[in-house]
Amino acid sequence: MKPMNLASPLHKVRGVGVRTAEQFALAGLHTVGDLITFLPRRHEDFSEVVAIADIRPGKMTIKARCEKISTRPVRRGLRLTTATLADDSGKLQAVWFNQPYRTSQLADGSEEFYFSGEFEFNYNRYQLTNPSVEKVKDMPVQTDRILPVYPAIKGLKSQLVRKILAELRPLITMLPESLPKSVIAKERLVARSDALLGMHFPEGASDIERARERLAFEELFQLLLASQLNKRENAKLTGWHIPFEQPVVAGFVKKLPFDLTNAQRKAAWEIIQDFEREVPMNRLLQGDVGSGKTVVAGLAVRQAASAGLQTAVIAPTEILASQHAETLRDLLEPLGVRVGLLTGSVKGKTRQLLYENIKNGSVDIVVGTHALIQKSVEFHSLGFVVVDEQHRFGVAQRQELLKKSDHMPHMLAMTATPIPRSLALTVYGELDVSILNERPKGRKPIKTKIWSPNSRAQLYELVDKEIVAGRQTYVICSLIDDSPDNDTRSVEAEFKRLRGSVFKHRRIGLLHGRLKPEEKSAVMTDFSEGKLDILVSTTVVEVGVDVPNATTMIIEDADTFGLAQLHQLRGRVGRSSHQSYCFLMMSDSSKPSERLREVERSNDGFYLAEVDLRLRGPGEIYGRAQHGALNLQVATLADTRLIARAQRSAKAFVESGDELAGYPQLAEQVQKYQRMTTLS
Ligand code: ADP
Ligand code: MG
């Protein structure tokens with residue numbers, strides 16, 4: 001065999017033909033190195049050789065000779081090979097389907113073979129079904145060991161992968177280490193070569209366990225090191241120094257119609273301290289819907305404005321931008337802070353004037369959507385950027401905005417999607433996190449109820465009572481208009497139905513994403529001013545919308561929504577001291593899912609986020625773009641202890657002054673992650 005290295009194409013390996021190589025290539029496996037790091041999905045233990053006399057149902061390996069073997073057609077397309085196998089303790093029948101070559105393979109009755117297969121009840125008797133067969137005198141690859149089972153690749157069986165890896169075994173043994181020695185020693189990890197041998201050729205369960213630990217640790221270490229390094233890069237930047245002015249902050253707080261919660265106080269203090277440093281802030285403010293993030297941001301904006309710096313507040317939709325502008329106006333204009341709103345619907349002269357005011361500094365805060373990022377928007381002194389619902393905002397867009405300032409502005413990202421701790425660390429590792437885990441005083445928890453469509457009439461009676469009491473209601477549908485091949489309710493149809501029947505006597509509005517921005521904001525204004533009793537809407541009301549008098553929400557076809565989305569939607573109610581209700585209307589009378597039952601049971605966004613992570617997995621929740629790129633093969637984000645260990649090591653590595661340059665393989669991976677993660 002010619003010398004082979006990790007970069008050698010797979011077809012250079014003995015036993016890999018051009019066709020096989022093509023099939024591997026389709027699965028993204030091109031080189032020897034690719035296949036070596038192609039890890040088994042699971043393992044099957046065939047390592048224990050049992051005597052035929054002791055055999056029990058299940059996966060078994062026996063060491064036997066073949067006494068008799070024959071193949072016969074059973075029916076069209078099915079040929080059955082039957083053999084009698086014998087060892088010193090007894091005899092046993094084995095069968096293979098469509099493997100007539102077994103007859104010649106096993107013809108020599110004096111040769112000893114390993115047979116690994118499932119001993120099961122089949123065709124009216126116990127027999128060994130489709131066992132793999134190898135000569136005892138050869139090094140067994142497919143029998144008599146713990147067998148790795150590889151992810152399915154079209155046309156390629158695990159057997160073949162095992163055979164090729166057996167060819168590559170000497171190379172795996174010599175693989176260089178990729179983690180720093182100090183980390184290996186401190187964490188008591190097995191070497192990289194041992195870990196890969198442990199995955200592909202384990203001799204016991206503990207080999208697999210140690211291998212997994214090492215490989216999972218390595219993935220997490222790379223990811224967390226990338227965050228640490230990004231953080232260090234950020235720390236080298238000079239930001240704006242915004243001094244803490246106690247009277248300014250006290251003046252802001254005094255004007256509020258309520259007391260801040262302790263959580264709000266703490267978050268605000270964390271921001272103020274960041275402002276005082278020379279380093280630009282990079283902070284994530286996480287808080288369940290209704291926890292009062294806007295006020296915290298408002299306080300920070302106030303402090304920035306008094307230092308003569310402008311703030312940009314970016315929201316994902318026009319509705320939200322308008323709402324934020326209004327809230328911030330209420331909070332800040334009495335204090336002399338000037339607020340501007342820049343959205344797609346601000347046009348012509350008004351827009352030009354706003355541009356000028358932003359440029360000459362006579363506007364202190366600009367609230368807007370993506371429109372804020374356009375080239376034509378020039379700031380006088382942009383010092384602070386607030387991004388609402390940051391997971392909807394691309395990395396590139398944020399960086400565009402950050403370019404609009406001589407110094408890197410401070411950044412506060414706000415999200416109402418609580419992220420489990422393990423994820424916050426790995427996905428947003430370079431952000432400092434403030435958490436609002438406390439609801440403002442006087443709020444009653446929302447009562448949530450799964451509702452069957454059979455009892456619609458009773459529900460409408462309940463809703464009408466609330467309307468009579470002066471409250472308002474949301475009805476949420478997932479579709480805008482009816483589609484013929486779907487019986488999911490649409491807003492259009494539901495709006496017409498409610499207006500034409502049960503709620504004839506009530507004022508009903510319609511809101512969805514296809515309305516013109518003016519129409520949307522007109523409907524929202526009517527609803528928030530109490531001119532509408534019922535708002536039939538799609539999920540455009542999902543984030544941030546604040547109408548405290550709305551106390552009831554019906555979510556139609558609730559079973560078609562995700563858990564996080566249901567919780568977000570529900571957050572539109574429960575925003576005042578009145579009791580609020582959320583009704584999860586099933587699309588039919590089948591049994592509600594675990595997801596719905598959890599939403600019914602708990603109001604705690606952080607708890608529900610953990611449940612969601614468990615039920616769906618991180619890929620589903622955090623999107624392919626972000627999470628797919630994480631490309632974790634072995635580690636799972638549910639493994640909080642390993643994450644904590646990797647975090648400690650990554651920190652220690654950065655603090656030790658050791659440089660990535662000394663570890664080329666590690667550097668390559670880490671740099672990939674560094675480019676991908678949020679802000680660098
Ligand atoms: P979030 O953005 O976190 O969902 P908001 O900032 O929109 O929440 O606040 C929701 C509502 O609660 C607003 O009407 C706000 O004025 C009010 N609010 C905020 N903080 C408090 C508090 N400490 N006490 C009472 N009400 C508060
Ligand atoms: Mg909000």
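We count ligands from 1, going down the list as the structure has it; atoms in each ligand are counted the same way.
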> Looking at D259, which atoms of ligand 1 are within less than 4.0 Å of one of its heavy atoms?
Replying inline: 22 (C), 23 (N), 24 (N)
>> Judged on heavy-atom distance to atom 8 (O) of ligand 1, which of A297, G292, A263 sits nearest?
In response: G292
> Taking only heavy atoms of T261, which atoms of ligand 1 are found under 4.0 Å from at least one of them?
Replying inline: 23 (N)
>> So, regarding K441 and ligand 1 (criterion: nitrogen or oxygen to nitrogen or oxygen, under 3.5 Å), is there a contact or not?
In response: no
> Who are the side-chain contact (heavy atoms from CB on, under 4.5 Å) partners of S322, not counting sequence neighbours?
Replying inline: L341
> Relative to the heavy atoms of V295, which atoms of ligand 1 are at a distance of less than 4.0 Å?
Replying inline: 19 (C)
> Taking the six-membered ring for Trp, are F275 and F384 parallel (under 30°), tilted (30 to 60°) or perpendicular (over 60°)?
Replying inline: perpendicular
>> Please work out, at 4.0 Å between heavy atoms, whether the side chain, the backbone, both, or neither of Q264 comes within that distance of ligand 1.
In response: side chain
> What closest approach, in Å, do G574 and I446 show between heavy atoms, and which atom pair accounts for it?
Replying inline: CA-CG1, 3.8 Å
> Taking only heavy atoms of P440, which atoms of ligand 1 are found under 4.0 Å from at least one of them?
Replying inline: 21 (C), 22 (C), 24 (N), 25 (C), 26 (N), 27 (C)
> Counting heavy atoms only, which of T294, L436, D288 comes nearest to atom 5 (P) of ligand 1?
Replying inline: T294
> Is the shortest distance from a Lys or Arg side-chain nitrogen in E461 or K465 to a carboxylate oxygen in the other one below 4.0 Å?
Replying inline: no
> Any idea which atoms of ligand 1 are less than 4.0 Å away from a heavy-atom of R443?
Replying inline: 11 (C), 12 (O), 17 (C), 18 (N), 26 (N), 27 (C)
> Short list, please: which atoms of ligand 1 are under 4.0 Å from a heavy atom of R575?
Replying inline: 4 (O), 7 (O), 10 (C)
>> Quick check: W269 with F244 (ring centres under 6.0 Å apart)?
In response: yes
>> Under 4.0 Å, counting heavy atoms only: does G287 come that close to any atom of ligand 1?
In response: no
>> Please check this pair: side chain of R595 against backbone of V611, looking for a donor-acceptor N/O pair closer than 3.5 Å.
In response: no
>> Would the distance check show the side chain of Q310 and the main-chain N or O of I365 forming a donor-acceptor pair, the cut-off being under 3.5 Å?
In response: no
>> Applying side-chain hydrogen bond (donor to acceptor under 3.5 Å, both in side chains), can you list everything that pairs with E245, at least two apart in sequence or on another chain?
In response: S306
